[in-house]
Amino acid sequence: MPADTRVRIAPSPTGPLHIGTARTALFNYLFARHTGGRFILRLEDTDVARSSVAFEQDILDGLHWLGITWDEGPGVAGLEEAGPYAPYRQMQRLPDYAAAAAALLAMDRAYPCYCTPEELDADRKAQEAGKLPPRYVGRCASLTADERQAKGAGGRRGALRFRVPEGVVGWDDLVRDRVEIDTSNLGGDFVIVRGDGTPLYHFTVVVDDMAMRISHVIRGEDHVSNTPKHILLFDALGYPRPIFGHLPLILNPDGTKMSKRKSQTAVADYIAQGFTREALVNYFAFLGWSPGTEEEVFTLEELGERFDLAKVQKGGARFDRERLEWLNGQWIRRLADEDLVERLMPFLEASAASGEIGRLPAEDEVRSLLPIVRERIPTLASLPGLVGFLWTDELDVDPATIAPKRWDAATTREALAAARDRMAAHDAVTWEADELEPPLRDLVESRGWKAGDLFMAIRVATTGRTATPPLFDTLVALGRDRTLLRLDAAIAGLGTVVAGG
RNA sequence: GCCGCAUUCGUCUAGAGGCCCAGGACACCGCCCUCUCAAGGCGGAGACCACCGGUUCGAAUCCGGUAUGCGGUACCA
């Protein structure tokens, strides 16, 4: 039996949490949950120039927000470092890499390279011109001790290159079955430690995966061609190879690799637009995976129960925002009242702050609205757009928009006035949808009007919109005073036409 | 260029030799419901399973080739 299942997500804090990273994290998390294994988070921050703590924070916050929690990880974002293989941050593991590098050097599996960027660049250009695949020419591969000393004069350290042996490297990929790559296509001996002494990704990932006892490396398809390098390193270092699985990529709608240019790639953007964690997780899981049944809506926990890497698709999947929105709606309809209100409030606060709405409604008020708005908001951010007129004092309604197609201004004015009178007969106690509707239906019938026309005129006059939740529920939410006030304003706006009859 | 991978409705996918003249979902169209908008229900259109050739009594499913697409090709991760 293999050792305990241990998987990881190893984000690089060189940008905000990317949906591709989130999806890879999710698949690792689900795999761990499904197999009873552990999920580890490791920060790969060796690209010092591009890494920042702000990005670290964004990445860890985003994963937490999605509900993707790790069993072992670094101390950051207000968390304690946790786990038996700390530290979980590469820049704190430098001694490990140095030791591994020394071992490779001692075995002559790696050697110092003193080529300058200019030389390397010239090599590449020459190869390009000769239509040859770019590869390291091996200028420093067989330097004598004297030559090394000479090149390293003046304290020049040189980078460390790993000697790529001849042969074929193959592995049984968890999602793509057998993959084999000839080492002659790896681009020659590759650098594992920079001239300044900092280690490079291909090297650190192997040293860390071994140190942290990672059993399964589940990552994006873009790493397939890196895997032979990693396997070579595992072998050279005498480490057991983990099992690899390469996930299909999330693609832009046009089929190319997901990019900031063509798509929204930051998880934070989706959060800001009012997507729920449930919908995002649900959607990500279904990008490249399917339970094989016709069910579509799953919680994170249910996904963990069903998830199976063998059922993961091999080809990339295009990101389809429409489907995400549909799922978001599904989830908004499933959330408990309290929960939904709590999630809606920040968006209302933002709208109030931006002036989109005039005042911030209380939680109770929002809760009472739920029955009529819940199935009408595709995202948490769309509530103000639906019923913002409830929280705006001066409603600017263009009189020209009030009259239904079949009515002229005079009829509209007369109808609104009559309706206003009927409604004014109610006091605050009987100002209920059930009470408001019958009298207006009577009115419509006695005058030979169409209910839809009268209702639409009232709707536009009181909300300024042609699309709202059911009219009478809306008027109840608006309140008696404001309803009558807005009707009066509309009637006045329709001019001093003499009401007929 | 070279290496690798992929290819089922517009999109996400079901399908692991006969159950498939290919099922579901999103989007689209129509009808129902209905005071508008949604939601929901019902129905429709939409895939010669990339192409060619094999294997087989039988192929979307197995094998080969072609095409197309994508990924990789750094002292980035």
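What you see below is based on every heavy atom in this structure, not just the backbone, and it leaves out hydrogens, waters and symmetry mates. In the text below, chain A, chain B and the rest are named by the order of the sequence lines, each starting its count at 1.
We find that A:E221 and A:K314 are not joined by a salt bridge, their nearest charged nitrogen and carboxylate oxygen being 4.0 Å or further apart. Under the 4.0 Å criterion applied to side-chain N and carboxylate O atoms, A:D196 and A:R157 are not assigned as salt-bridge partners. Contact check on A:K405 versus A:D453 returns no salt bridge, with no Lys/Arg side-chain nitrogen under 4.0 Å from an Asp/Glu carboxylate oxygen. At a threshold of 4.0 Å, the pair A:E295-A:R306 counts as salt-bridged, since one of the basic side-chain nitrogens sits closer than that to a carboxylate oxygen.
In this entry the distance linking CH2 of A:W326 with C1' of B:G10 reads 18 Å, nearest Å. Separating the CZ atom of A:R178 from the C1' atom of B:A6 is a distance of 19 Å, rounded to the nearest angstrom. Atom CH2 in A:W289 sits about 13 Å away from atom C1' in B:A14, given to the nearest Å. The interatomic distance linking A:F298 (CZ) with B:A25 (C1') rounds to 12 Å, in whole Å. The interatomic distance linking A:D320 (CG) with B:A27 (C1') rounds to 7 Å, in whole Å. Computed from coordinates, the A:E437 CD to B:U36 P distance equals 12 Å when rounded to whole Å.
A gap of 16 Å separates the C1' atoms of B:A50 and B:C5, to the nearest Å. Taking atom C1' in both B:C70 and B:U34, one finds a spacing of 48 Å when rounded to whole Å. Remark: the separation of the C1' atoms in B:U55 and B:G17 is 11 Å, to the nearest Å. The P atoms of B:A38 and B:C28 are separated by 10 Å, rounded to the nearest whole Å. Distance noted for atom P between B:U61 and B:U8: 13 Å (whole Å). Comparing B:A14 with B:C20, their C1' atoms are spaced 11 Å from each other, to the whole Å. Here, B:C9 and B:A22 have their C1' atoms 10 Å apart, quoted to the whole Å.
Between A:H202 and A:H230, the two ring planes are tilted [angle within 30° to 60°].
For A:R176 against B:C5, a side-chain-to-base donor-acceptor contact under 3.5 Å is absent.
Considering A:F284, A:Y283, A:F286, A:F307 as possible partners of A:F298, the one that fulfils the ring pair (Phe, Tyr, Trp, His ring centres under 6.0 Å) test is A:F286.
Among the nucleotides B:U36, B:G4, B:C35, the one closest to any side-chain atom of A:R441 is B:C35. Looking at the side chain of A:Q313, the nearest of the listed nucleotides B:U11, B:A14, B:A27 is B:A14.
Pairing partner, B:G72: B:C2, with both Watson-Crick or wobble hydrogen-bond distances short of 3.5 Å.
For A:E180, the CD atom counts as densely surrounded, since its 6.0 Å shell holds more than 12 non-hydrogen atoms of other residues, nucleotides or ligands.
Residue A:I181 is the one, among A:D453 and A:I181, whose nearest nucleotide of RNA chain B lies closer to the 5' end (criterion: closest heavy atom). Judged by closest nucleotide on RNA chain B, A:K314 is the one of A:K314 and A:E294 placed further toward the 5' end.
Counting non-hydrogen atoms under 4.0 angstrom, A:E375 reaches a base of the nucleic acid. A:R459 comes within 4.0 angstrom of a nucleotide base, judged by non-hydrogen atoms across all strands. Using a 4.0 Å heavy-atom cutoff across all strands shown, A:R465 reaches no nucleic acid atom at all.
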Going 5' to 3' through nucleotides 70-77 of chain B and flagging B where a protein heavy-atom sits under 4.0 Å of the base, S where only the sugar-phosphate is that close, and - otherwise, we get SSSS-BBB
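A:K311 has a side-chain polar atom (N or O) that falls below the 4.0 Å cut-off from OP1 or OP2 of B:G15.
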Apply ring-ring contact (aromatic ring centres under 6.0 Å, His included) to residues A:Y111 and A:F162 and explain how you reach the verdict.
CA-CA 7 Å; A:Y111 58 86; A:F162 177 74; 9.5 Å; no
